[in-house]
Amino acid sequence: MSFLAKNDPEIYALFEQELERQSYNLEMIASENFASNAVIEAMGSILTNKYAEGYPSKRYYGGCEVVDKIENIAIDRAKKLFNCQYVNVQPNSGSQANQAVYQAILKPYDKILGMDLSHGGHLTHGAKVSSSGKNYQSFFYGVELNGRINYDKVREIAKIVRPQVIVCGASAYPREIDFKTFRSIADEVGAYLFADIAHIAGLVAAGEHQDPFPHAHIVTTTTHKTLRGPRGGIIMTNDEELSKKINSAIFPGIQGGPLEHVIAAKAVGFGENLKPEWKVYAKQVKTNAKILADVLSKDGFDVVSGGTDNHLILLSFLNKEFSGKDADHALENAGITVNKNTVPGENRSPFVTSGIRIGSAALTSRGMRDKEFTFIAQKIAEALNNINDTSIHAKIREEVKELSSKFIIYDRPTY
Ligand code: DSN
């Protein structure tokens, strides 16, 4: 019997419920994935006991000789993976990584130009409700009605705003990000280029997406999305002066003791990303997303931008009677987990929306390929074409369970 089962049956029972949910539903939230047992083991480890404020060889506590080695391995692996010189692996999340970047390079009320949240950007790219929009003046570019960034328009806006930093990278953008063009815009207005590659990092690491280096001055990513590591963030740069400012911004700027157990798990995750199999995985993630786009557009659904270059697709229901919220709910009943999302030309509130975002990374980790993704796309279409028919949703839920049971990811409890 596990320690958890013995010591805390109440929490253990909920872990069992969550394992069941993750095992028998189809997880298609584009920012989620399934970390390996090795990553999970590293995260749930004795390293949680250690205080290590500071950086390797420059700590404020004794007894850091082992965590120093682990943190250095995480740093070295990330450097190799993303082809850069300086990495901070301590950010507890992507949001904290981004907050530290701003703290490193901006003064209060400096100007940020980022992608509008409702066009696929992120809260931390200047949204008014986030500290990035409260501590700094934020301005936005977006996508055209065709769902794509118009780089000429970004240039026009940048020339008017004259920001200190331009943020590129998105949470709900199905197309390749052109870092080179972004850098030319940043250079024209004398701004830093900051690339947040949280969503696409696993593809970048595999050479399946344009590399943000050498174009971006600073790059951040989370480690748990397409990278499939533990929940957390990292910050990268090739500029030594910037790296010093970033390190001070993380500690003592906004964080205290680093989560060395998570840093160990980041190292394990990066180790997996460096293996040749990773390239096969990332390629299949893209293939699977394309299958979703193809099947659903053939079925009459409006796939934003006409397809995808990465791990996600956006469906727009502006031409349908139902909303993103309705679609999210119907698919949830059918055992398929997605999230509602705003779409270009949005005319509903962010709580309702006219679209959904669907990702392929998590199910690809379970080993699902072309045949399964074709089937899943057909089931998504069937559920949406019968948006109010709960008996059809219940039937699909059974079919989803049957498929899922053939691709069990955690064959033994990992908690
Ligand atoms: N919340 C994440 C996403 O779903 O894209 C971004 O931080």
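Residue indices begin at 1 and follow the sequence shown. Side chains are part of it too, since the values below use all heavy atoms of this structure and drop only hydrogens, waters and symmetry mates. Ligands are counted one by one from 1 in listed order, and the atoms in each one are counted from 1 as well. Note that the structure is a prediction, hence the values are computed from the model and not measured.
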Fill in: Ring centers of Y60, Y51 separated by less than 6.0 Å
no
Practice prompt. Determine, for K153 against E144, whether the closest basic-nitrogen to carboxylate-oxygen distance falls under 4.0 angstrom.
Written response: yes
Worksheet item: Just checking, any donor-acceptor pair under 3.5 angstrom between side chains of T364 and N288?
Response: yes
Worksheet, complete the sentence: Distance filter under 4.0 Å, heavy atoms only, around ligand 1 gives S31, H122, S171, H199, K225, R357
Fill in: Selection residues 193-210 - residue pairs positive for salt bridge (Lys or Arg N to Asp or Glu O under 4.0 Å), sequence neighbours left out
E208-K283, E208-K286
Worksheet item: Between F82 and F213, is the gap from one ring center to the other below 6.0 Å?
Response: no
Worksheet item: Does Y141 have its ring centroid less than 6.0 Å away from the ring centroid of Y151?
Response: no
